[in-house]
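See below for the structure under consideration.
This chain uses plain numbering: 1 for the first residue, then up along the sequence.
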Amino acid sequence: MALTISELARSGGVGVETVRFYQRKGLLFDPRPATIGGAKSQRHYGEEDVRRLRFIRSAKAAGFILDEIAELISLDHTGDRPRAREMAEVRLAALDREIAQLEAARQSLRRLAHECAGSDEGPCPILEAFEETATCGAGPKPCAA
């Protein structure tokens, strides 16, 4: 199977510029077009390129950065399962921290929405909280935690 760059991009669910970006970063192979009769032909990609592009997308969806994805790709060739497992555990810990922060933000916003619904008098607790956050640290006094 020989795919053009646009077909590869479509197969991987990304745009052509994303494929080119990954090529510049060394995550995807950049086949040089063959010259036929003095004219350049299109670059062609195969099933392995589709697999690699989908691998990159899945790793990005899990939150890995491009350098980590490059390492995961190299681990795919070496079979270094302990290192892959270590990278996954580090990523899981980071996700757990992010989830905890999002849950705290949700609880805070839920509380503010409840306070806001309790009365139509005085300043809105939601707007007041966001204003405090926006100005916190701008003045000479530290903000209350």
Might you work through the salt bridge (charged side-chain N to carboxylate O under 4.0 Å, His left out) test for Glu103 and Arg110, ending with a clear yes or no?
CA-CA 10 Å; Glu103 286 177 344; Arg110 186 174 282 138; over 6 Å; no
Verify side chain to side chain contact (heavy atoms under 4.5 Å, CB included) between Arg52 and Phe29, making sure each step is shown before the conclusion.
CA-CA 9 Å; Arg52 170 75 60 89; Phe29 178 67; over 6 Å; no
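In this structure, Leu8 and Leu53 have side chains that are in contact, with non-hydrogen atoms separated by less than 4.5 Å. Using a 4.5 Å heavy-atom threshold, the side chains of Leu66 and Phe21 count as touching. At a threshold of 4.5 Å between non-hydrogen side-chain atoms, the residues Arg20 and Val16 count as touching. With a 4.5 Å cut-off on side-chain heavy atoms, Ser11 and Glu47 do not count as touching. Contact of the Arg10 side chain with the Leu3 side chain is not registered, since no non-hydrogen atoms from C-beta on lie closer than 4.5 Å. The shortest distance between side-chain heavy atoms of Glu131 and Leu127 does not fall below 4.5 Å.
Judged purely by atom type and a 3.5 angstrom limit, Arg83 has no side-chain atom pairing as donor or acceptor with the backbone of Leu75. Under the 3.5 Å distance criterion, the side-chain polar atoms of Ser108 are left unmatched by any main-chain donor or acceptor of Ala105. Listed for the Gln107 side chain is no donor-acceptor partner under 3.5 Å among the backbone atoms of Ala104.
Annotation: salt bridge (Lys or Arg N to Asp or Glu O under 4.0 Å) contacts of Asp76 (sequence neighbours excluded): Arg51.
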